[in-house]
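Comments concern the structure below.
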Amino acid sequence: MPPKPRLGQNFLRDPQAIRRIVAALGDCAGRTVIEIGPGMGAITRELSAKAGKVLALEVDPELAASLSTEFTASAGGHTATGSNVEIETVDVLAFDFAAASIAAGSRIIVAGNLPYYITSPILLKIAENAAVLDRAVLMVQREVADRVTAAPGSRDYGLLSVTVQMHGPAEPLFTLPPSAFSPPPKVHSTVFRWRFAPRFAELEVNREEFLRFMRQVFALKRKTLANNLRAAGVESAAAIAALSSAGIDLKARAESQSIEALVRLWKSLQKAGATPSHEVVPAMQ
Ligand code: SAM
């Protein structure tokens with residue numbers, strides 16, 4: 001079966017990397033692990049040996065059928081005796097993680113060498129479901145992992161960093177060259193771990209409102225927070241007052257601010273009844 005580049009099919013062929021990905025998940029005994037994009041089953045096989053159950057989500061019907069033949073009985077789609085792997089032919093973006101967590105009776109563990117063409121939508125989908133997830137170990141393009149795990153003030157810190165880290169800490173684990181895959185992608189790849197611990201309740205912000213505010217303050221790159229606030233419809237005087245009351249330099253950019261400082265700014269604007277009115281749709285940086 002030739003790989004389909006349009007589905008991001010770059011198959012991992014480094015046995016040590018496969019073992020490291022699964023080991024990075026920690027103890028999975030008795031737990032359900034959802035694998036995103038099992039492909040030809042390289043990670044699935046290792047997961048099967050370590051997890052209570054593996055639910056593998058594959059959008060390519062040909063690959064899913066071949067995996068089902070390997071892991072499950074074809075008749076009626078029932079799990080073969082002894083197999084703890086279930087293959088579901090589905091687009092991960094349409095998958096119901098909450099229902100899977102209810103069925104599993106606990107929070108879900110996630111693994112995957114992600115298809116790079118939809119990395120950001122998958123990360124956002126995972127973030128939306130963070131309440132029913134425990135931890136994830138994911139392979140993404142190195143530049144994306146750099147952004148996801150970046151600290152305030154670093155070159156890579158931006159909207160994607162804040163969006164991911166508001167759902168729990170993310171740490172880079174290791175990087176692989178293109179030669180670890182077949183066919184080799186054009187980019188290096190990095191595995192990172194994400195431990196889900198959403199911060200909205202602790203920081204006392206509404207999830208949707210605060211993430212919308214983040215899209216507004218990160219919309220215009222290389223512009224100051226004050227400029228971004230004005231572009232999103234906040235009066236100049238109100239923007240200056242809110243920045244001052246949050247203890248943020250008037251010339252500061254969102255890219256230099258910690259999550260806590262951005263929360264202070266949001267609360268100052270809320271208190272003054274001056275939250276931004278315009279919806280903006282920046283690139284997920
Ligand atoms: N896990 C395998 C490995 O490491 O060798 C394959 C990884 S490959 C980078 C990405 C896999 O995700 C492919 O098998 C591809 O068909 C699948 N995929 C692409 N888009 C998907 C989607 N929307 N939902 C689920 N799987 C998808």
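Whatever order the structure lists ligands and atoms in, that order sets their numbers, starting from 1.
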Within a radius of less than 6.0 Å around NZ of Lys4, do more than 12 heavy atoms belonging to other residues, nucleotides or ligands occur? yes
What do you reckon, is NZ of Lys223 surrounded by more than 12 foreign heavy atoms closer than 6.0 Å? no
Who's closest to [atom] heavy-atom-wise, of [options]?
{"atom": "atom 12 (O) of ligand 1", "options": "Gly37, Gly41, Pro61, Ala94", "value": "Gly37"}
{"atom": "atom 2 (C) of ligand 1", "options": "Gly8, Ala42, Pro38, Ala64", "value": "Pro38"}
{"atom": "atom 20 (N) of ligand 1", "options": "Tyr117, Phe95, Tyr116", "value": "Tyr117"}

Is it the side chain, the backbone, both or neither of Met40 that has a heavy atom closer than 4.0 Å to ligand 1?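 The answer is neither; Met40 stays 4.0 Å or more away.
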If you measure from each non-hydrogen atom of Leu63 to ligand 1, which part falls under 4.0 Å: side chain, backbone, both or neither? side chain
Would you check if there is a donor-acceptor pair between the side chains of Gln270 and Thr275 at a distance under 3.5 Å?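 No, no side-chain donor-acceptor pair sits under 3.5 Å.
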Show me the side-chain donor-acceptor pairs of residues 226-247 shorter than 3.5 Å, one per line, residues at least two apart or across chains.
residue : atom : partner : partner atom : Å
Asn227  : OD1  : Arg230  : NH2          : 3.1
Asn227  : ND2  : Thr224  : OG1          : 3.3
Asn228  : OD1  : Leu220  : N            : 2.7
Asn228  : ND2  : Val217  : O            : 3.3
Asn228  : ND2  : Leu220  : O            : 3.1
Asn228  : ND2  : Thr224  : O            : 3.2
Arg230  : NH1  : Ser236  : OG           : 2.8
Ser244  : OG   : Ile240  : O            : 2.8
Ser245  : OG   : Ser268  : OG           : 2.9

Looking only at atom types and distance, does a side-chain atom of [X] sit under 3.5 Å from a main-chain N or O of [Y], one as donor and one as acceptor?
{"X": "Arg199", "Y": "His167", "result": "no"}
{"X": "Gln216", "Y": "Ser277", "result": "no"}
{"X": "Arg20", "Y": "Gln16", "result": "no"}

For atom 27 (C) of ligand 1, which protein heavy atom lies nearest, and how many Å away is it? Val59 CG1, 3.5 Å
Using a 4.0 Å cut-off to any heavy atom of Phe11, which atoms of ligand 1 qualify?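 Listed by number with element, the hits are 5 (O), 6 (C).
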Below 4.0 angstrom from a heavy atom of Asn10, which ligand 1 atoms are there? Numbered from 1 as shown, please.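 Matching atoms, with element in brackets: 8 (S), 9 (C).
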I'd like to know whether ligand 1 has [X] as a neighbour, heavy-atom separation below 4.0 Å.
{"X": "Leu93", "result": "no"}
{"X": "Val90", "result": "yes"}
{"X": "Leu114", "result": "yes"}
{"X": "Arg13", "result": "no"}

Between Phe97 and Phe95, what is the ring plane arrangement, given parallel below 30°, perpendicular above 60°, and tilted in between? perpendicular
Would [X] count as being in polar contact with ligand 1, using the rule that some N or O on each side must be under 3.5 angstrom apart?
{"X": "Glu58", "result": "yes"}
{"X": "Val92", "result": "yes"}
{"X": "Leu12", "result": "yes"}
{"X": "Asp60", "result": "no"}

